[in-house]
Amino acid sequence: MAAAAAPPRPRVMVLPFPAQGHVMPLMELSRRLADHGFEVDFVNTEYNQARVLAALEAGGETGAAVHAGIHLVSLPDGMGADCDRTDVVKLGQSLPAAMLGRLEELIRARDTRWVVADVSMSWVLDLVATVGVRVALFLTYSAAVFALRAHVPKLIEDGIIDESGNVRRNERIQLSPKMPAIAAAELPWIGVGKSPEARRAVLQSVSKNTPYTLADTIVCNTFQEIESEALALLPKEPLAIGPLVASKSTSAGHFWPQDLTSLSWLDAQAPSSVVYVAFGSFTVFDATRLQELADGVVLTGRPFLWVIRPNFANGGIDEGWLDEFRCRVGGQGLVVGWAPQQRVLSHPSVACFVSHCGWNSTMEGVHHGVPFLCWPYFADQFLNQSYICDMWGTGLRICADEQGIVTKEEIRDKVARLLGDEGIKARSLSLKSRACASIADEGPSHQDLLEFVNLLREQ
Ligand SMILES: O=c1ccn([C@@H]2O[C@H](COP(=O)(O)OP(=O)(O)O[C@H]3O[C@H](CO)[C@@H](O)[C@H](O)[C@H]3O)[C@@H](O)[C@H]2O)c(=O)[nH]1
């Protein structure tokens, strides 16, 4: 008797916003889904796909071998070849027209029943009516950001911000006692658009919560222990599956090749000695900030590992400056263009993390119990800083002087204070154990992941 054919693996499309801090966690989620038996079509823009494939190749991997069950698909982003893709508002506005029709074709051709879409791509909910696909929205930032978005109409009504997103009264906003208080001027969407029109568009899009009712569920890269109150303010009883950290050391999803010399260099350092400095994929420093930070890390007198991306400085990094800096620091520090960050944070030589507090970096630092020195740049990073410093007590703020400059002495002094603070160290380790417990087999994040998997199996 012939054996019965195995049922086809269910198919899911995963759609991140085309930016590094979005592609990374959704690639990690895709690996989890593939391990649970799904075929995943992971949709990049063509521009980012080229970067992802180049980074894979530089690491000796290929696109075909990303992970069993994950298929890389790419679509145009609607931007001209020379357009500035760091203008995230413009990029976001160009995507629906460029992608919707093609996504529809793809969904029909592959008989896809579910799309797991970044909340920043929620225009994909239009496909619920046209092709009857089901949509799960994924939040790449904290649940608190989403809760604040839902609060926009009230902020306008109370005269704290206006309809264009300008701050009218710079009050502190706190939605509940276990959530961070934040100044209106530091709300996550303030300052995201480059022009007044762009800022107005951002405000309109964040306050437009109605389409979310079309989503089947909301999934967050967070955990109950730290965000139960924020999660309770979200619609749809969201699933909290975080921290979503790398299950495998692969380059898949990175836009730049990881410099693995970081790890051998860390191996040669003393335990808990290294200052790790990295500002994610988006932060750009001006010449003064760059120089003060360079002088500051040297002044700490400690070994340091610093990620300086090629586009980390206004106008690009001056290679001559970089060579000189490398010569000056000799063996004290290692500068790389892109690090295997999660492996760095898990390394026993790392003592602290000087960070811009992007949500992925925040979750990764929490998961590895590393104290933070916070230097937020924009968007949700001020709110994340407030979680770290005020709610969890696992870090300190870097502060500017009266001229608005973060001096080298400030960097030196804060690193010394951070590393001398036993309370911060103890709280970081305690938070780490709670983060690990939440993703362990019986933990609430793992249980929510299983619930999500079961929902996606409903075809
Ligand atoms: O050398 C490096 C530096 C970073 N990373 C990784 O890159 C990701 C960076 O993400 P994140 O820390 O969130 O920073 P951004 O790239 O700045 O992320 C954007 O997206 C996030 C999620 O929406 C937001 O919280 C941020 O404010 C926004 O800037 C993380 O997974 C890091 O592990 C590396 O692998 N190597």
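What you see is a predicted model, and the numbers here were worked out from it, not measured in a lab. Each ligand, and each atom within it, is numbered from 1 in the order the structure gives.
Using the six-membered ring where Trp is involved, Phe285 and Trp375 have ring planes that are tilted, between 30° and 60° apart.
Within the 6.0 Å centre-distance limit, the rings of Trp306 and Phe325 are counted as a close aromatic pair.
Partners of Glu28 by side-chain contact (heavy atoms from CB on, under 4.5 Å), not counting sequence neighbours, listed by chain and number: Arg31, Arg32, Leu244, Ala246, Ser247. With sequence neighbours excluded, the residues forming a side-chain contact (heavy atoms from CB on, under 4.5 Å) with Ser386 are Pro180, Asp390, Arg397, listed by chain and number. Arg412 pairs by the side-chain contact (heavy atoms from CB on, under 4.5 Å) definition with Leu299, Glu409, not counting sequence neighbours.
Heavy atoms only, all atoms of each residue included: Asn44 and Met99 are closest at O-CE, 4.5 Å.
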Tabulate distances under 3.5 Å between N/O atoms of ligand 1 and N/O atoms of the protein, writing both atom names on each line.
{"unit_1": "ligand 1", "atom_1": "1 (O)", "unit_2": "Ala339", "atom_2": "N", "d": "2.8"}
{"unit_1": "ligand 1", "atom_1": "10 (O)", "unit_2": "Asn360", "atom_2": "ND2", "d": "3.3"}
{"unit_1": "ligand 1", "atom_1": "12 (O)", "unit_2": "Ser361", "atom_2": "N", "d": "3.0"}
{"unit_1": "ligand 1", "atom_1": "12 (O)", "unit_2": "Ser361", "atom_2": "OG", "d": "2.5"}
{"unit_1": "ligand 1", "atom_1": "13 (O)", "unit_2": "Trp359", "atom_2": "N", "d": "3.4"}
{"unit_1": "ligand 1", "atom_1": "13 (O)", "unit_2": "Asn360", "atom_2": "N", "d": "3.0"}
{"unit_1": "ligand 1", "atom_1": "13 (O)", "unit_2": "Asn360", "atom_2": "ND2", "d": "2.8"}
{"unit_1": "ligand 1", "atom_1": "14 (O)", "unit_2": "His356", "atom_2": "NE2", "d": "2.9"}
{"unit_1": "ligand 1", "atom_1": "16 (O)", "unit_2": "Ser281", "atom_2": "N", "d": "3.0"}
{"unit_1": "ligand 1", "atom_1": "16 (O)", "unit_2": "Ser281", "atom_2": "OG", "d": "2.5"}
{"unit_1": "ligand 1", "atom_1": "17 (O)", "unit_2": "His356", "atom_2": "NE2", "d": "3.0"}
{"unit_1": "ligand 1", "atom_1": "23 (O)", "unit_2": "His22", "atom_2": "NE2", "d": "3.4"}
{"unit_1": "ligand 1", "atom_1": "23 (O)", "unit_2": "Thr140", "atom_2": "OG1", "d": "2.8"}
{"unit_1": "ligand 1", "atom_1": "25 (O)", "unit_2": "Trp359", "atom_2": "N", "d": "2.8"}
{"unit_1": "ligand 1", "atom_1": "25 (O)", "unit_2": "Asp380", "atom_2": "OD1", "d": "3.1"}
{"unit_1": "ligand 1", "atom_1": "25 (O)", "unit_2": "Asp380", "atom_2": "OD2", "d": "2.6"}
{"unit_1": "ligand 1", "atom_1": "27 (O)", "unit_2": "Asp380", "atom_2": "OD1", "d": "2.5"}
{"unit_1": "ligand 1", "atom_1": "27 (O)", "unit_2": "Gln381", "atom_2": "NE2", "d": "2.8"}
{"unit_1": "ligand 1", "atom_1": "29 (O)", "unit_2": "Gln381", "atom_2": "NE2", "d": "3.2"}
{"unit_1": "ligand 1", "atom_1": "31 (O)", "unit_2": "Glu364", "atom_2": "OE2", "d": "2.6"}
{"unit_1": "ligand 1", "atom_1": "33 (O)", "unit_2": "Gln341", "atom_2": "NE2", "d": "3.3"}
{"unit_1": "ligand 1", "atom_1": "33 (O)", "unit_2": "Glu364", "atom_2": "OE1", "d": "2.6"}
{"unit_1": "ligand 1", "atom_1": "33 (O)", "unit_2": "Glu364", "atom_2": "OE2", "d": "3.2"}
{"unit_1": "ligand 1", "atom_1": "35 (O)", "unit_2": "Ala339", "atom_2": "O", "d": "3.4"}
{"unit_1": "ligand 1", "atom_1": "36 (N)", "unit_2": "Ala339", "atom_2": "O", "d": "2.6"}

